[in-house]
Amino acid sequence: MFVVRGGQPLRGTVAVSGAKNAALPIMAAALALDGPTTLRNVPELADVTTLGQVLQSLGVQCERLPGGVLTLAVDDDQPCLADYELVRRMRASVCVLGPLLGRRKRACVSLPGGCNIGHRPIDLHLKGLRALGAEITVERGYVFAKADRLIGTEIYLGGSFGSTVTGTCNVMTAACFAEGTTTIAAAACEPEVVDLGHFLNRAGAKISGLGTPVLHIKGVERLHGVEHTVIPDRIEAATLMVASAITGGELRITNVCRPHLAAVTDTLRSIGVSIEGSGTTLRVAGHQPLRPCDITALPYPGIPTDVQAQLMALLTQADGISVVNDKVFPDRFLHIPELCRLGANVRREGASGIIAGGRPLSGACVMASDLRASAALLLAALAADGDSVIRRIYHLDRGYERLERKLNVLGADIHRVTDTPENMPQSLLLSADEECEPTVDSTDSPPPPKFLTRARQHAE
Ligand code: EPU
């Protein structure tokens, strides 16, 4: 668990690591290459290790070298089974489906199972692969896919919640091996999909339209080994931007791709955060008072759902009513009750969180429910008065490289300790005979009638 002492403005320079969500599908695609792959700027994360294990079980040798380098080389192209025991630990393991089917012509991949951020079907992945000619059945919790040949075709990949990121990755990679040309309409435009496309093109694929909703893919016989540098992690960058804003600090954030952060930058500016950018660097300064804001998480280039929780944490400190909607994962709100434990006034209404902001946060014990929720709780704890404890930080380790070390260099006070009663800060231990007096004023002014009306309108 983390023990966090809040209240320190963060100052200094911090470098963003490589993007988890770009590295994972690229690693998976390496199993379809005839020749070694060298990846640079690969973050050291639990998810990268887990996918390395999945790939090893599929005959790919993975070796991590110093300086963010990962090499991958296929030494056995026969295995086709991605087992439940590995896949259940990380949904992104499903990214091996397209590369396996494309290159090895068959795949048996476990369905990933439940997820704390909401229902996450893979029907669109399967629809796209079937359209290419694969025979697919789902039995005993596994997807069985086979195709002696894949044939290029026109595929519409949009769903009720927009495009699918890893679904586009799977279908695009399989289509590289299809005869003729494939057109994918309603493809995801996320920079991570574009990075995978660049990686595949460098390996000999013929993909055009990357970054737009319409992709054209001319099939090829083989893809060859390649070297590639993974793009910077826009979600980590956004998390650091919010860290500066919520603590009233000033950070210079390096190794960013500023165009990937356009929606986050615009939103933070409208909240009152000052942001200047040049080249691959951003300077972000938090000023009080912050302004409330209504935001909606959307597919790229909108505000990423992966930053929704962190922005909500920030809006708890903006004086007034904010509304946060998530159109990508409408159930991704498990952080709300935990933010409330830190003293925030947030309530959920359907696919929205309604924040009555401006109340100071105060330290408490909270529980992380998923990766981005854990980042949001850490940010809130940095802004809170007193000590906080964040449990289940293994979620954070899945997707942020050494985040607490990076933040501590900037002035944060975060300790990683084992979850035992002795490690609990004194200030959070209440004894049964303690006087039941709050240390902070917790009186809520009742929300004005306008608040509810407006919130309900937004929820609809
Ligand atoms: N969806 C379907 N059917 C499908 C696939 C998706 O209905 O076959 C729905 C989902 O339920 C969701 C929406 O479409 O409502 C978007 O899901 P998408 O498939 O795009 O998500 P994903 O590919 O499973 C990736 C990231 C997530 C990120 C989402 C959205 C990786 C490894 N994961 O997931 O990242 O939130 O795109 O941008 O790339 C994270 O890093 O914390 C994380 C959850």
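Atoms within each ligand, like the ligands themselves, are counted from 1 in listed order.
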Heavy-atom nearest neighbour in the protein, as seen from [atom], with distance rounded to 0.1 Å:
{"atom": "atom 14 (O) of ligand 1", "value": "Phe161 CB, 3.9 Å"}
{"atom": "atom 42 (O) of ligand 1", "value": "Arg372 NE, 2.9 Å"}
{"atom": "atom 44 (C) of ligand 1", "value": "Arg332 NH2, 3.5 Å"}
{"atom": "atom 20 (O) of ligand 1", "value": "Val165 N, 2.8 Å"}
{"atom": "atom 19 (O) of ligand 1", "value": "Thr164 OG1, 2.6 Å"}
{"atom": "atom 23 (O) of ligand 1", "value": "Thr166 OG1, 2.6 Å"}
{"atom": "atom 10 (C) of ligand 1", "value": "Phe329 CE2, 3.9 Å"}

Please state which part of [X] comes within less than 4.0 Å of ligand 1, counting heavy atoms only: side chain, backbone, both or neither.
{"X": "His125", "result": "both"}
{"X": "Leu124", "result": "both"}
{"X": "Leu371", "result": "side chain"}
{"X": "Lys327", "result": "neither"}

Against heavy atoms of [X], which atoms of ligand 1 measure under 4.0 Å?
{"X": "Ala92", "answer": "32 (C)"}
{"X": "Ser163", "answer": "16 (C), 20 (O)"}
{"X": "Lys20", "answer": "40 (C), 41 (O)"}
{"X": "Ile117", "answer": "44 (C)"}
{"X": "Thr305", "answer": "30 (C), 36 (O), 38 (O)"}

Seminar exercise, completed: So salt bridge (Lys or Arg N to Asp or Glu O under 4.0 Å) across residues 26-35, not counting sequence neighbours, yields Asp34-Arg103, Asp34-Arg222

Any side-chain donor-acceptor pair under 3.5 Å between [X] and [Y]?
{"X": "Glu154", "Y": "Thr183", "value": "no"}
{"X": "His228", "Y": "Asp195", "value": "yes"}
{"X": "Thr305", "Y": "Asp326", "value": "yes"}
{"X": "Tyr84", "Y": "Arg89", "value": "no"}
{"X": "Asn325", "Y": "Ser352", "value": "yes"}
{"X": "His335", "Y": "Gln308", "value": "yes"}
{"X": "Ser17", "Y": "Glu401", "value": "yes"}
{"X": "Thr13", "Y": "Arg252", "value": "yes"}

Exceeds 12 heavy-atom contacts within 6.0 angstrom, atom [atom1] of [X]:
{"X": "Arg258", "atom1": "CZ", "result": "yes"}
{"X": "Arg405", "atom1": "CZ", "result": "no"}
{"X": "Lys218", "atom1": "NZ", "result": "no"}
{"X": "Arg416", "atom1": "CZ", "result": "yes"}

Less than 3.5 Å between some nitrogen or oxygen of [X] and one of ligand 1, yes or no?
{"X": "Leu24", "result": "no"}
{"X": "Arg91", "result": "no"}
{"X": "Arg120", "result": "yes"}
{"X": "His119", "result": "yes"}

With [atom] as the reference point, say which of [options] has the nearest heavy atom.
{"atom": "atom 35 (O) of ligand 1", "options": "Val94, Asp370, Asp306, Asp331", "value": "Asp306"}
{"atom": "atom 39 (O) of ligand 1", "options": "Asn21, Val328, Val193, Asp123", "value": "Asn21"}
{"atom": "atom 6 (C) of ligand 1", "options": "Pro121, Gly159, Gly167, Pro330", "value": "Pro121"}

